[in-house]
Amino acid sequence: GMNAAVRAVVRMGIYVNAKVYFIYEGYQGMVDGGDNIVEVSWESVSSILQVGGTVIGSARCKPFRTREGRLQAAFNLVQRGITNLCVIGGDGSLTGANLFREEWSGLLEELAQKGKIDAEAVKKYAYLNIVGMVGSIDNDFCGTDMTIGTDSALHRIIEVVDAIMTTAQSHQRTFVLEVMGRHCGYLALVSALACGADWVFIPEYPPEEGWEDSMCVKLSENRARKKRLNIIIVAEGAIDCHNKPITSEKVKDLVVQRLGFDTRVTILGHVQRGGTPSAFDRILASRMGVEAVLALLEATPDTPACVVSLSGNQAVRLPLMECVQMTQEVQKAMDEGRFLEAVRLRGRSFENNLNTYKLLSHKKPDSELPKTNFNVAVLNVGAPAAGMNAAVRAAVRVGMTEGHKIFAVIDGFEGFARGKIKEISWGDVGGWTGQGGSILGTKRTLPAKYLEKIADQMRTNNINALMVIGGFEAYLGLLELSAAREKYDEFCVPMVMVPATVSNNVPGSDFSIGADTALNTITDTCDRIKQSASGTKRRVFIIETMGGYCGYLANMGALAAGADAAYIFEEQFDIRELQANVEHLTEKMKTSIQRGLVLRNENCNENYTTDFIYQLYSEEGKGVFDCRKNVLGHMQQGGAPSPFDRNFGTKISAKAMQWISKKLKETYRKGKVFANTDDSVCLLGMRRRNLVFQPVAELKSETDFVHRIPKEQWWLKLRPLMKILAKYKTSYDVSDSGQLEHVAMLPKEAETGAI
């Protein structure tokens, strides 16, 4: 994802009329100067979005740690008039940058004394501004939910785990997987969550005394339950509670000696740093790159050096040194054996991951489980979406832990009416996280025409609560069921919906399960198509994406794939705009980048169809470029779920089941559950930074029912971002950018410094 960040900084910098320079090979290049510091143009960053690693190189640098080295670096920057630095790296790089900034004026004075620069330069370049972006696959930087590169590393790990699962299941083997993370267990923890591993070792949460026995008991229990496969994940920095390392070899020897299981070790190593960046990382890095340029333009000598990052779904700016200090606090807490404190300092999302993992991985013996005598039904509604099965698994296991009986409904509301309902147990959902589609089966049918039959089934099976995992139909279904409460008492029970649809068109939630997987499918396909177009030269591809009337996939796919335009329903366009796009592409063909990519949402306009746009471009581009079209279709609904969808599905569904338990307790009166208020039918959604339960009745006013989309959609704010990165002149609304107070941005002010 680093290249996506580099590309965004360069293009946003040029967009605001700043000069932009590459410094090759990290701080080493800054100290060496010469050809390592080069002014760059728009085209310099073409075709790097899909490349892993970083095209400008990165190096650990001893000289920069000395004052002498930093003096030389300052001289090289002043010579080119560079006073704004954008640093992409881990806490070491960022701490170095901050020290450099603090010493800056002193360094310039020293250079002036030595006669290397004149007094005029000291005055002119008196201040150095610094903005950091955190690029680290370990996700070990406090203050940011996700660092650039983490999601892609999870993709690599999950690809390997999925491949190992098939061989391990065939051979009844135990696999010990070692993943990166010297001081941070994030990758190990999330991949364990995402593949349903049997045991995980991380530095922040060492196992209790006697873990060897409990682990072996758990592994042999799983074998006895006919689970053919055991997976144990070890972070490379894993330790026990006496701070002694736990290595993957040690774990393997233990399993072989105690249990005699056929056990293999796989060390993933640098595979995790490589490969193409995921859609999430490209979008994250592009957003951060643009935000970093804005932060530099607005920096003053009095603002602290900051890092730009993401909190939930919100771009934020945080003082760099506060983040670094907190990151170091975590290490200190671990060294001193204060492990609970270390987990807390890692932040909310880390803590949630750990708690969810603990809930789902270990089944308590039946004797220890509470008995509530409540029955909860779980069903999938709408089109299939990757990650639905992870959500069902979490619901079943959390529900059982809370003491309920869980019933699975086959084939949505239609299956419900036909009585396709059965109790489901802990073991039944083993291995579900990595499965695509919907194992329970799902239908788009709404409940209105089956109300009587569904009420009968709820009575017969004594269902006390309902959990619906699905898309827009699930939302409509809950509205219909709550409207039918007056007539049928059976529907007076707590009901909750978890949004799962590739279209991401459910009101009340920024994200829905399945959209990330679909986005990755689109991005992968676009990468391949771009490659084909680069070979043929002067070719433009028109690609049609799914999403109903919701332009999320087309817009975000365009951002992640580096497209030239994306046509969506939410932003009306006319023939003049189509003409402008064709002219824009004609201009582009005169440069060194001789290919074009245009995405079109399937329902963006009933007359400007994909065929129409294809024919228009073909005619207008005659002699300049030729055209091809591609309809992606249902491949966007399939495939193994991405790590994001597995993790999001698991966490959101577990939270929804805990809400059901709370509501059941609140509404249980005189031997029966009776819930008929609006707040007993809710949708659990991700809103900016939080997961919130919202009564579906209140969401009605936020919904465009004709086009099945929310009236307000957060991602429309990212439209200008895509256009700027594709070289269109557009106005960028900074009102939503990070929270260190903002001034309106004028391109004129931007000419003063180079980035």
Side-chain angles (χ1 to χ4, degrees), residues 50 151 155 158-159 162 276-283 380-391 434-439 441-444 469-474 499-506 509-530 532 541-563 565-570 597-604 609-610 613 628-646 648-649 707-709 713 715 722:
Q50 60 271 37
D151 189 64
H155 272 261
I158 294 304
E159 282 157 17
D162 284 354
T276 48
S278 65
F280 182 93
D281 268 334
R282 299 182 195 192
I283 291 164
N380 288 157
V381 175
M388 276 182 164
N389 301 320
Q435 306 279 332
S438 160
I439 297 172
T442 178
K443 283 255 193 295
R444 286 173 174 259
I469 300 164
F472 203 85
E473 285 86 0
T501 164
V502 296
S503 306
N504 196 21
N505 62 336
V506 177
S509 191
D510 288 357
F511 295 117
S512 57
I513 300 165
D516 184 71
T517 305
L519 208 47
N520 276 296
T521 305
I522 293 169
T523 309
D524 289 348
T525 311
C526 288
D527 284 352
R528 294 180 182 196
I529 286 173
K530 269 171 89 168
S532 128
F541 275 87
I542 319 277
I543 297 171
E544 181 185 304
T545 67
M546 281 180 141
Y549 284 95
C550 176
Y552 179 81
L553 290 178
N555 188 65
M556 300 309 255
L559 192 54
Y567 299 117
I568 59 173
F569 169 75
E570 291 88 347
L597 191 63
V598 174
L599 270 66
R600 177 190 175 274
N601 157 273
E602 56 185 356
N603 288 344
C604 64
T609 59
T610 302
I613 291 178
R628 293 288 183 274
K629 65 175 178 193
N630 207 336
V631 176
L632 297 185
H634 280 74
M635 64 189 272
Q636 295 164 84
Q637 280 180 6
S642 65
F644 180 92
D645 279 332
R646 295 180 194 198
F648 182 57
H707 300 104
R708 302 158 54 96
I709 51 175
Q713 301 187 82
W715 53 266
M722 188 210 91

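Note that the coordinates shown come from a computational prediction; the quantities given were computed from them, not determined experimentally.
Taking the side chain as every heavy atom from C-beta outward, T276 and H155 never approach each other to under 4.5 Å. Under the 4.5 Å side-chain criterion, counting only non-hydrogen atoms from C-beta, F280 is in contact with D516. Two residues are said to be in side-chain contact when any heavy atoms from C-beta on lie closer than 4.5 Å; I283 and M556 meet this criterion.
In this structure, K530 has no side-chain hydrogen bond (donor to acceptor under 3.5 Å, both in side chains) partners at least two apart in sequence or on a different chain. In terms of the side-chain hydrogen bond (donor to acceptor under 3.5 Å, both in side chains) criterion, T442 has no residue partners (sequence neighbours excluded). Taking the side chain to side chain contact (heavy atoms under 4.5 Å, CB included) definition, one finds that A279 meets it with L519, N520, T523, A560, sequence neighbours left out. With sequence neighbours excluded, no residue satisfies side-chain hydrogen bond (donor to acceptor under 3.5 Å, both in side chains) with S503. Partners of F541 by ring pair (Phe, Tyr, Trp, His ring centres under 6.0 Å), not counting sequence neighbours: none found. Contacts of D527 classified as salt bridge (charged side-chain N to carboxylate O under 4.0 Å, His left out), with partners at least two apart in sequence or in another chain: R282. With sequence neighbours excluded, the residues that form a side chain to side chain contact (heavy atoms under 4.5 Å, CB included) with A558 are A563, A566, L599, M722. E473 meets the side-chain hydrogen bond (donor to acceptor under 3.5 Å, both in side chains) test with R444, R708; sequence neighbours excluded. With sequence neighbours left out, the side chain to side chain contact (heavy atoms under 4.5 Å, CB included) criterion links N603 to Y549, N601. Taking the side chain to side chain contact (heavy atoms under 4.5 Å, CB included) definition, one finds that E570 meets it with C550, I568, I709, Q713, W715, L716, sequence neighbours left out. The ring pair (Phe, Tyr, Trp, His ring centres under 6.0 Å) check on F472 picks up Y475, with sequence neighbours excluded.
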Yes or no on side chain to side chain contact (heavy atoms under 4.5 Å, CB included) for I613 and K629, after CA distance, side-chain angles and deciding distance?
-> CA-CA 9 Å; I613 291 178; K629 65 175 178 193; over 6 Å; no
Decide side chain to side chain contact (heavy atoms under 4.5 Å, CB included) for L597 and I529; before the verdict, give the C-alpha distance in whole Å, the side-chain angles of both, and the deciding distance to 0.1 Å.
-> CA-CA 9 Å; L597 191 63; I529 286 173; 4.2 Å; yes
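Among residue pairs with one or both ends in residues 541-560, those qualifying as salt bridge (Lys or Arg N to Asp or Glu O under 4.0 Å) are E544-R600; sequence neighbours excluded.
Here the closest heavy-atom approach between residue Q50 and residue P277 is recorded as O-CD, 3.6 Å. Contact detail for I513 and G649: the closest heavy-atom pair is CD1-CA, 3.5 Å. When all heavy atoms of P641 and G387 are compared, the pair lying nearest together is CB-N, 3.7 Å. In terms of heavy-atom proximity, D151 sits nearest to S278 at OD2-OG, 2.6 Å. Scanning both residues, G514 and V502, for their nearest heavy atoms gives O-CG1, 3.7 Å.
The backbone N or O of Q435 lies less than 3.5 Å from a partner atom in the side chain of N389, making a donor-acceptor pair.
How far OG1 of T501 is from CZ of F511: 14.5 Å, rounded to the nearest 0.5 Å. For the atom pair OH (Y552) and CG (D510), the distance works out to 9.0 Å, reported to the nearest 0.5 Å. Summarising the geometry, atom CD1 belonging to I158 is positioned 9.5 Å from atom OG belonging to S642; distances are rounded to the nearest 0.5 Å. In this structure, CD on Q636 lies 12.0 Å from OG1 on T517, to the nearest 0.5 angstrom. Note that OG1 of T521 is 9.0 Å distant from CG of L632, once rounded to the nearest 0.5 Å.
When the options I543, T545, N630 are evaluated for a side chain to side chain contact (heavy atoms under 4.5 Å, CB included) with C526, the one that passes is I543.
Aromatic ring pairs are classed by plane angle as parallel below 30°, tilted from 30° to 60° and perpendicular above 60°; the pair H707 and F569 is tilted.
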